[in-house]
Amino acid sequence: EINKQLNQYIIEKFKILVNQEPMILDFIGKEYKTNMLQAYYEVKLIKKIQSLSFENYILFDFFKNQQNIIHFKIDKFRKSFLLDVNNPKATLFLE
């Protein structure tokens with residue numbers, strides 16, 4: 001039941017767009033670390049990525065100082081984003 005509620009909340013608060021199209025998030029699992037919950041999701045891509053956008057509002061409605069980290073990796077390329085209530089969106093353009 002906890003996984004179901006967590007997944008529903010994340011799907012409402014977190015969006016990924018690839019080439020401006022919304023993606024479906026597949027829940028992989030979660031783990032607890034000191035004062036932190038790490039949730040793992042996967043997006044299956046069938047076409048080349050030209051742009052990748054994130055909208056992350058997770059816990060912003062509860063904590064003013066909440067920060068969310070997104071790690072993106074494809075092949076050898078890696079990029080991380082630190083999002084907060086004043087900056088909840090990020091976009092990455094790939095060639």
Side-chain angles (χ1 to χ4, degrees):
E1 184 63 29
I2 289 173
N3 284 351
K4 183 179 175 183
Q5 289 180 10
L6 173 66
N7 190 47
Q8 183 62 38
Y9 178 79
I10 289 176
I11 287 172
E12 289 174 11
K13 300 290 183 177
F14 183 70
K15 307 288 184 214
I16 297 176
L17 296 110
V18 174
N19 303 337
Q20 299 179 347
E21 294 179 28
M23 294 288 102
I24 296 173
L25 302 173
D26 292 323
F27 180 68
I28 296 171
K30 68 179 182 320
E31 64 180 326
Y32 297 99
K33 295 191 176 181
T34 306
N35 296 324
M36 183 177 12
L37 168 70
Q38 291 182 325
Y40 300 98
Y41 283 81
E42 181 176 72
V43 173
K44 292 184 175 45
L45 301 174
I46 56 173
K47 54 174 118 172
K48 185 177 178 183
I49 301 172
Q50 295 172 341
S51 68
L52 183 65
S53 298
F54 303 99
E55 294 182 18
N56 189 339
Y57 295 93
I58 296 171
L59 297 178
F60 292 165
D61 43 353
F62 298 106
F63 305 103
K64 293 178 185 176
N65 294 326
Q66 175 68 27
Q67 294 181 324
N68 298 321
I69 300 171
I70 298 171
H71 297 293
F72 171 78
K73 66 180 180 174
I74 186 167
D75 300 325
K76 294 181 181 181
F77 178 79
R78 294 174 186 258
K79 177 75 176 171
S80 295
F81 301 94
L82 178 62
L83 304 177
D84 60 30
V85 70
N86 295 317
N87 188 30
K89 298 180 182 182
T91 299
L92 176 64
F93 295 98
L94 301 168
E95 294 183 24

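Just so it is clear, the model here is predicted, and its values are computed rather than measured. Values below: every heavy atom of this structure, side chains too, minus hydrogens, waters and symmetry copies.
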For this session: Name the orientation class of the two ring planes belonging to Phe14 and Phe54 (parallel below 30°, tilted from 30 to 60°, perpendicular beyond 60°).
Result: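 The arrangement is parallel - the two ring planes meet at less than 30°.
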Count I, L, V, M, F, W, Y as connected when their side-chain heavy atoms are under 4.5 Å apart, and connections chain through other members. Are [X] and [Y] then in the same cluster?
| X | Y | result |
| --- | --- | --- |
| Phe27 | Leu59 | yes |
| Tyr57 | Val43 | no |
| Leu92 | Ile74 | yes |

What distance do [X] atom [atom1] and [Y] atom [atom2] have between them, rounded to the nearest 0.5 Å?
| X | Y | atom1 | atom2 | answer |
| --- | --- | --- | --- | --- |
| Leu94 | Leu52 | CG | CG | 6.5 Å |
| Ile49 | Phe93 | CD1 | CZ | 13.0 Å |
| Glu12 | Ile58 | CD | CD1 | 11.0 Å |
| Tyr9 | Asp61 | OH | CG | 4.0 Å |
| Leu6 | Lys4 | CG | NZ | 13.0 Å |
| Glu55 | Leu17 | CD | CG | 6.0 Å |

Which heavy atom of [X] sits nearest a heavy atom of [Y], and at what distance?
| X | Y | value |
| --- | --- | --- |
| Glu42 | Ile28 | CB-CD1, 3.4 Å |
| Leu83 | Pro88 | CD1-O, 3.6 Å |
| Tyr41 | Asn7 | OH-OD1, 2.8 Å |
| Phe60 | Val85 | CZ-N, 3.6 Å |

Exercise. Does atom CD1 of Ile2 have more than 12 heavy-atom neighbours, drawn from other residues, nucleotides or ligands, at distances under 6.0 Å?
Worked result: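 No, because the 6.0 Å sphere around CD1 of Ile2 holds 12 heavy atoms or fewer from other groups.
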Exercise. Hey, is CG on Leu82 packed in by over 12 heavy atoms from elsewhere, all under 6.0 Å?
Worked result: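 Counting other residues, nucleotides and ligands, CG of Leu82 exceeds 12 neighbours.
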Output side-chain donor-acceptor pairs under 3.5 Å for residues 29-40, partner residues at least two apart or in another chain, one line each.
from  : atom 1 : to    : atom 2 : distance (Å)
Lys30 : NZ     : Asn3  : OD1    : 2.6
Glu31 : OE2    : Tyr40 : OH     : 2.3
Lys33 : NZ     : Gln38 : OE1    : 3.4
Gln38 : OE1    : Tyr40 : OH     : 2.9

Exercise. Which pairs count as side chain to side chain donor-acceptor pair (under 3.5 Å) when at least one residue sits in residues 64-75, sequence neighbours excluded?
Worked result: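 Non-adjacent pairs meeting side chain to side chain donor-acceptor pair (under 3.5 Å): Asn56-Asn68, Gln66-Asn68, His71-Ser80.
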For this session: Would you confirm whether Asp84, through its side chain, and Asn86, through its main-chain N or O, come within 3.5 Å as a donor-acceptor pair?
Result: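 It does hold such a pair.
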